[in-house]
Amino acid sequence: MNIIAVVVTYNRLPLLKRTVAALRAQTRQLGEIIVVNNGSTDGTGEWLAGQTGLHVVEQGNEGGSGGFYTGIKEACERGAEAVWCMDDDVFPQSECLEKLLEVQAAHPEAGIFAPRRLQNGKVFCHDFTAYNLTNPFASMYRGKLAKQSVTEPTAVAGTAFEGPLIMRPVIDKIGLPNRDLFIFCDDTDYCLRAHLAGFSLIYVPDALMDKELFFVDDTWAEREQKKKWKRFYQIRNSTYLNHRYGRNFGVRYLRGLIGVGGYILTAALTAPFTKGWAYADIPRLWQAYRDGISERLGKY
């Protein structure tokens with residue numbers, strides 16, 4: 001089977017080097033490694049130009065979704081029978097791909113296989129087993145594995161673009177990731193589309209992948225300042241998903257309103273006391289919700 005890895009990177013050269021080294025060290029050899037460089041300005045392009053054994057695609061900063069759109073498309077054009085996707089902040093252990101393929105051989109009907117991610121040796125898991133598209137007062141994500149003890153391959157409904165092995169029939173049937181999401185929820189959207197198309201997804205706890213830990217020494221305000229720009233995409237895109245796939249008025253409109261309301265309240269209450277949020281952020285938060293309801297996507 002021709003398996004091509006796709007790595008999307010932007011201005012994190014030290015992490016990218018670790019990811020590439022981990023891919024090269026796999027016990028199951030890859031057909032190829034594609035690196036999509038989203039317009040990095042930290043020397044990533046120069047380092048990639050000096051590497052052998054990598055297929056590099058250069059583009060402007062199209063975010064994670066635009067990177068995976070480009071990378072998966074390129075992998076398919078180069079004959080991939082399966083595409084192994086990951087950001088530049090995850091590092092598959094040497095037997096990770098081999099363990100994924102062992103489960104794939106036992107479940108050839110499944111379409112996506114997700115590894116177990118670890119942060120400082122502890123399980124880091126956002127995978128979940130079902131979608132809630134009917135109750136606006138509860139999360140879209142039901143049956144979160146983070147609240148369970150999982151020791152065997154387990155059917156899931158969603159995973160992150162941090163190591164999923166996507167089989168070619170999935171891509172042929174549902175297409176490529178939605179590049180207009182830019183960042184956040186592109187993986188949820190893709191998994192939901194696969195789920196609705198009838199493909200099963202399997203979480204493989206023996207396939208291990210380490211994940212970088214960020215913001216560990218930051219205060220709450222410092223962390224919110226650094227992540228603030230991402231919050232807008234998070235609100236817009238989650239609102240978009242609820243509006244597009246929700247099965248009643250409440251999910252399509254109210255769930256996103258509840259979500260943005262929480263951020264607006266946080267900004268209003270904390271703006272006088274910390275630098276995490278400012279009153280000037282509130283109109284943009286509201287705009288993110290409005291764009292999600294209107295399904296206006298793209299890069300801000």
Legend entry - Residue pair Cys85, Ile166: steps toward the side-chain contact (heavy atoms from CB on, under 4.5 Å) verdict: CA-CA 8 Å; Cys85 298; Ile166 305 173; 4.0 Å; yes
Legend entry - Arg247, CZ: over 12 other non-hydrogen atoms inside 6.0 angstrom: no
Legend entry - Glu77, CD atom: more than 12 neighbouring heavy atoms under 6.0 Å: yes
Inset, instruction - Indicate, with yes or no, if Ile183 and Val36 share a hydrophobic cluster defined by side-chain heavy-atom contacts under 4.5 Å among Ile, Leu, Val, Met, Phe, Trp and Tyr. - result: no
Legend entry - Student check: side-chain heavy atoms of Asp189 and Leu181 closer than 4.5 Å: yes
Legend entry - Minimum heavy-atom distance between Leu201 and Cys191, given as atom pair plus value: CD2-SG, 3.7 Å
Legend entry - Short side-chain donor-acceptor distance under 3.5 Å, Asn178 and Tyr190: no
Inset, instruction - Considering non-hydrogen atoms only, spot the tightest contact between Asn38 and Gly60 and give its length. - result: OD1-O, 3.3 Å
Inset, instruction - Run the numbers on Glu58 and Asn37 for side chain to side chain donor-acceptor pair (under 3.5 Å), then give the verdict. - result: CA-CA 5 Å; Glu58 298 279 353; Asn37 181 21; 2.8 Å; yes
Legend entry - Neighbour count above 12 (heavy atom, 6.0 Å) for Arg296 CZ: yes
Inset, instruction - Report the distance from atom CD of Glu102 to atom CG of Leu97, rounding to the nearest 0.5 Å. - result: 10.0 Å
Legend entry - side-chain contact (heavy atoms from CB on, under 4.5 Å) partner of Asp89, chosen from Asp210, Leu213, Leu15: Leu15
Inset, instruction - Kindly indicate, with the supporting measurements, whether the criterion side-chain contact (heavy atoms from CB on, under 4.5 Å) is fulfilled by Lys99 and Gln93. - result: CA-CA 10 Å; Lys99 295 296 183 182; Gln93 297 184 15; over 6 Å; no
Legend entry - Stepwise side-chain contact (heavy atoms from CB on, under 4.5 Å) check, Asp42 with Tyr10: CA-CA 9 Å; Asp42 64 345; Tyr10 175 70; over 6 Å; no
Legend entry - Side-chain heavy-atom pair Thr154, Ile202 within 4.5 angstrom cut-off: no
Inset, instruction - Specify the closest pair of heavy atoms between Gly163 and Leu100, including all atoms of both residues, with the distance to one decimal. - result: O-CD1, 4.1 Å
Inset, instruction - For residues Ile33 and His55, determine if any side-chain heavy atom of one lies less than 4.5 Å from a side-chain heavy atom of the other. - result: no
Legend entry - Interatomic distance, Met140 atom CE to Thr134 atom OG1 [nearest 0.5 angstrom]: 11.0 Å
Inset, instruction - Give a yes or no on this: more than 12 heavy atoms of other residues, nucleotides or ligands lie within 6.0 Å of atom CZ of Arg24. - result: yes
Inset, instruction - Could you check if a side-chain atom of Pro272 sits within less than 4.5 angstrom of a side-chain atom of Tyr279, using non-hydrogen atoms only? - result: yes
Inset, instruction - Assess whether side chain to side chain donor-acceptor pair (under 3.5 Å) is satisfied between Thr9 and Asp88, documenting all intermediate values. - result: CA-CA 5 Å; Thr9 189; Asp88 56 11; 2.7 Å; yes
Legend entry - Side-chain heavy-atom pair Cys185, Gln234 within 4.5 angstrom cut-off: no
Legend entry - Exercise: identify the closest heavy-atom pair between Arg28 and Met1: NH2-O, 3.0 Å
Legend entry - Under-4.0 Å salt bridge between Arg231 and Glu224: yes
Legend entry - CA sep, side-chain torsions, deciding dist, call: Asp206, Arg116, salt bridge (charged side-chain N to carboxylate O under 4.0 Å, His left out): CA-CA 7 Å; Asp206 288 340; Arg116 167 171 280 175; over 6 Å; no
Inset, instruction - Salt-bridge test for Glu212 and Arg18: reply yes if a basic N is under 4.0 Å from a carboxylate O, no otherwise. - result: yes
Legend entry - Aromatic Phe91 / basic Arg117 pairing, under 6.0 angstrom, 45° off normal: no
Legend entry - Residue pair Ile34 / Ile4, side-chain heavy-atom distance below 4.5 Å: yes
Inset, instruction - Starting at CG of Leu133, measure out to CZ of Arg244 and round the result to the nearest 0.5 Å. - result: 13.5 Å
Legend entry - Face-on cation placement of Lys211 at Phe124 ring, 6.0 Å and 45° thresholds: yes
Inset, instruction - Return the minimal non-hydrogen interatomic distance between Pro115 and Cys96, and the atom names on each side. - result: CB-SG, 3.9 Å
Inset, instruction - Identify the two heavy atoms, one from Ala288 and one from Ile235, that lie closest to each other, and give their separation to 0.1 Å. - result: CB-CG2, 3.9 Å
Legend entry - Approximate separation, where rounding is to 0.5 Å, of Arg179 CZ and Glu62 CD: 6.0 Å
Legend entry - Asn120 atom CG, over 12 foreign heavy atoms within 6.0 Å: no
Inset, instruction - Would you kindly confirm whether Tyr263 and Leu254 end up in one hydrophobic cluster when ILVMFWY residues are joined by side chain heavy atoms under 4.5 Å apart? - result: yes
Inset, instruction - If the plane angle is over 60° it's perpendicular, under 30° parallel, otherwise tilted; pick one for His195 and Tyr131. - result: tilted
Inset, instruction - Could you please spell out the steps behind the side chain to side chain donor-acceptor pair (under 3.5 Å) verdict for Glu98 and Thr27? - result: CA-CA 7 Å; Glu98 184 177 338; Thr27 55; 2.5 Å; yes
Inset, instruction - Would you mind reporting whether Tyr203 and Cys125 have side-chain heavy atoms less than 4.5 Å apart? - result: yes
Legend entry - SB check Glu222 Lys226 (cutoff 4.0 Å): no
Legend entry - Phe68, Tyr69, Tyr233 screened by ring pair (Phe, Tyr, Trp, His ring centres under 6.0 Å) with Phe182, the one that passes: Tyr233
Inset, instruction - Sequence neighbours left out, what passes side chain to side chain donor-acceptor pair (under 3.5 Å) with Thr19? Give chain and number order. - result: none
Inset, instruction - Test side-chain contact (heavy atoms from CB on, under 4.5 Å) on Phe137 and Ile258 and set out the steps. - result: CA-CA 8 Å; Phe137 301 104; Ile258 293 171; 3.9 Å; yes
Inset, instruction - Measure the OG1-NZ distance between Thr44 and Lys17 for me, rounded to the nearest 0.5 Å. - result: 8.5 Å
Legend entry - Pair Asn242-Arg255, side-chain donor/acceptor within less than 3.5 Å: yes
Inset, instruction - Examine Leu196 and Ile171 and state if one hydrophobic cluster contains both, with Ile, Leu, Val, Met, Phe, Trp and Tyr joined whenever side-chain heavy atoms are less than 4.5 Å apart. - result: no
Legend entry - Hydrophobic cluster identity match, Val204 and Leu165, side-chain contacts under 4.5 Å: yes
Inset, instruction - Give a yes or no on whether Leu192 and Phe199 share a hydrophobic cluster (residues Ile, Leu, Val, Met, Phe, Trp, Tyr; joining criterion: side-chain heavy atoms under 4.5 Å apart). - result: no
Legend entry - Salt bridge Asp281-Lys228, side-chain N to carboxylate O under 4.0 Å: yes
Legend entry - Within-4.5 Å side-chain heavy-atom neighbours: Thr159 and Asp187: no
Legend entry - Neighbour count above 12 (heavy atom, 6.0 Å) for Arg142 CZ: no
Legend entry - Whether Trp277 and Phe232 hold their rings parallel, tilted or perpendicular, with breakpoints at 30° and 60°: perpendicular
Legend entry - Tyr300 six-ring centre to Arg284 NZ/CZ under 6.0 Å and within 45° of normal: yes
Inset, instruction - Show your working on side chain to side chain donor-acceptor pair (under 3.5 Å) between Arg236 and Tyr289 and close with a plain yes or no. - result: CA-CA 5 Å; Arg236 185 199 66 181; Tyr289 169 75; over 6 Å; no
